[in-house]
Amino acid sequence: MQAIVLVGGMGTRLRPLTDTVPKPALTLVDRPFLAYMIEWLAEHGVTEAVLACGFLPDQLREALGDGEHAGVALTYVVEPDRRGTAGAIRYAAESLGDRLEDRFLALNGDVLTDLDLTTLLRAHEDRGARATIGLYPVEDSSVYGLVECHPDGSVLAFTEKTGEAVPGEINAGAYVLERSVLDLIPAGRQFSIEHEVFPRLVGDGLCALRLDGYWMDIGTPERYLQATWDILERRVDTAVRPTAPGMFVGADCALATTSRVGPRAVVSAGCAVEAEATVDASVLLPGCTVGEGARVRGSILGAGAEVAPGAEVLDAMVAENERVAP
Ligand code: GDD
Ligand code: MG
């Protein structure tokens with residue numbers, strides 16, 4: 001099975017962390033965010049993934065490697081200009097040439113999920129659909145694609161970002177597509193699958209299925225942190241091995257005996273937490289130092305950041321290699 005993963009977004013709401021690292025390459029617990037997605041795809045039979053990139057592809061390539069990850073062969077394609085979600089899918093599909101299969105998966109690359117793609121693929125096949133959207137129920141659907149379905153699974157309406165905070169089943173950003181869907185996408189220009197393809201397919205082979213499991217768009221600092229605790233407290237199925245529930249401590253860390261770290265924390269490889277310092281509900285990316293008596297809470301420290309002795313970092317994001325003075 002082939003998959004196209006859309007990773008062209010800018011990650012603006014995770015600045016300053018995403019000033020230097022594209023969101024899919026940002027470390028979540030112990031691996032680049034996109035690694036979770038590739039590992040999830042592998043579990044559902046994907047053997048080849050095309051990563052449709054827009055922003056800093058070299059760093060993504062560096063983070064995930066050029067060959068394969070978890071048994072999935074990876075290729076990177078960069079659109080010459082911004083193509084939108086459908087345009088990017090078409091561009092990535094074309095990069096496969098004759099090797100593109102009749103049926104493939106397309107995914108938004110900015111969610112952490114363990115939804116059951118195997119069931120989605122089966123439903124698509126059983127219904128003879130042209131496109132099948134995985135759905136996830138939320139309390140506030142306003143910033144997502146809201147999908148209304150007939151009991152037989154056919155989509156009655158697809159509305160992108162209604163702006164209304166009503167509960168509903170939303171587009172989880174996981175699609176099974178028949179190759180013929182690409183004919184609806186014009187070549188060489190910006191085109192949106194949510195605004196221009198799905199509405200057109202309503203009544204013409206567009207199906208959807210609510211899936212079981214965990215799903216989270218990690219686009220904001222709050223959700224990045226929540227996803228971290230969900231991984232470390234095993235609310236989502238991943239390959240990460242927590243050091244303790246809610247805790248992950250990487251290799252070569254120096255935690256002073258009088259420091260207090262946790263009950264929820266990620267201390268990545270090569271970090272130092274000095275005497276009497278406290279770190280809680282926070283993520284320290286690799287190589288950070290928290291000085292003597294300093295306090296870090298509810299925060300994300302970019303790689304190599306340094307919190308001076310006695311300084312406080314509360315509910316903040318600190319850029320890579322930044323120094324926080326007391
Ligand atoms: N390559 C490429 N090129 N990727 C793109 C482009 C592009 O021009 N535009 C967006 N993407 C990628 C983003 O990186 C992201 O992974 C995915 O496509 C979706 O774009 P977002 O900008 O994150 O959209 P959203 O989160 O507001 O809404 C989308 O996701 C929701 C679920 O998280 C929609 O698909 C909604 O319908 C859906 O509910
Ligand atoms: Mg998104």
Side-chain angles (χ1 to χ4, degrees), residues 1-9 11 22-53 60-61 63-76 85 88-89 92 101 103-125 131-138 144-145 169-177 193 208-219 223-242 248 266:
M1 176 66 65
Q2 294 167 326
I4 292 171
V5 186
L6 297 177
V7 287
K23 185 165 71 173
L26 201 63
T27 299
L28 185 63
V29 185
D30 66 346
R31 61 197 71 199
F33 174 62
L34 196 60
Y36 294 93
M37 171 148 289
I38 305 300
E39 289 159 17
W40 167 61
L41 292 175
E43 283 198 16
H44 294 282
V46 171
T47 51
E48 179 172 15
V50 182
L51 307 179
C53 309
L60 197 55
R61 197 175 264 143
L64 272 184
D66 221 348
E68 58 91 42
H69 181 84
V72 180
L74 302 177
T75 51
Y76 300 77
T85 45
I89 290 171
E101 291 162 3
R103 178 174 302 150
F104 57 91
L105 290 162
L107 298 308
N108 286 349
D110 63 349
V111 293
L112 174 70
T113 178
D114 59 12
L115 293 181
D116 185 358
L117 284 180
T118 301
T119 299
L120 188 71
L121 282 158
R122 200 173 303 130
H124 178 88
E125 176 148 22
T132 302
I133 304 172
L135 302 180
Y136 183 77
V138 297
Y144 300 112
E169 292 183 334
I170 57 122
N171 167 21
Y175 322 126
V176 186
L177 302 177
I193 198 159
L209 182 72
R210 175 174 168 161
L211 299 174
D212 292 328
Y214 177 94
W215 184 89
M216 167 115 64
D217 179 326
I218 64 141
R223 287 198 246 130
Y224 173 94
L225 286 172
Q226 187 57 50
T228 301
W229 317 133
D230 290 340
I231 291 167
L232 293 176
E233 289 158 13
R234 298 196 186 279
R235 280 181 288 275
V236 51
D237 183 27
T238 72
V240 171
R241 291 171 188 279
F248 183 85
V266 171

If you take all heavy atoms of Met37 and Leu107, which pair is closest and at what distance?
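Reported closest heavy-atom pair: SD-CB, 4.1 Å.
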Over all atoms of both residues, closest heavy-atom pair of Leu74 and His69:
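So the two residues come closest at CD1-CB, 4.0 Å.
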Heavy-atom count around Arg223 CZ within 6.0 Å, excluding the residue itself: above 12?
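Yes, enclosed.
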Does a sphere of radius 6.0 Å around CD in Glu125 hold more than 12 heavy atoms from other residues, nucleotides or ligands, not counting ones at 6.0 Å or beyond?
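No, CD of Glu125 has 12 or fewer neighbouring heavy atoms, counting only those of other groups under 6.0 Å.
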Is the ring pair Trp40/His44 parallel, tilted or perpendicular, if the boundaries are 30 and 60 degrees?
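Trp40 vs His44 ring planes: perpendicular.
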Going from CH2 on Trp215 to CG on Leu135, what distance comes out if it is rounded to the nearest 0.5 angstrom?
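Separation between the atoms: 11.0 Å.
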Keeping the roles fixed (side chain from [X], backbone from [Y]), state whether a donor-acceptor pair exists under 3.5 Å.
X      : Y      : result
Glu39  : Thr238 : no
Asp114 : Tyr214 : yes
Tyr136 : Leu115 : no

Given the rule in the side-chain contact (heavy atoms from CB on, under 4.5 Å) test, do Ile231 and Leu112 qualify, once you have shown the distances and angles that lead to the verdict?
CA-CA 10 Å; Ile231 291 167; Leu112 174 70; 3.9 Å; yes
Only counting residues at least two apart or in another chain, list the ones meeting salt bridge (charged side-chain N to carboxylate O under 4.0 Å, His left out) with Asp110.
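For Asp110 the salt bridge (charged side-chain N to carboxylate O under 4.0 Å, His left out) partners, ignoring immediate neighbours, are Lys23.
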Using the test salt bridge (charged side-chain N to carboxylate O under 4.0 Å, His left out), find all partners of Asp237 that sit at least two apart in sequence or belong to another chain.
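Once residues adjacent in sequence are excluded, Asp237 has no partner under the salt bridge (charged side-chain N to carboxylate O under 4.0 Å, His left out) criterion.
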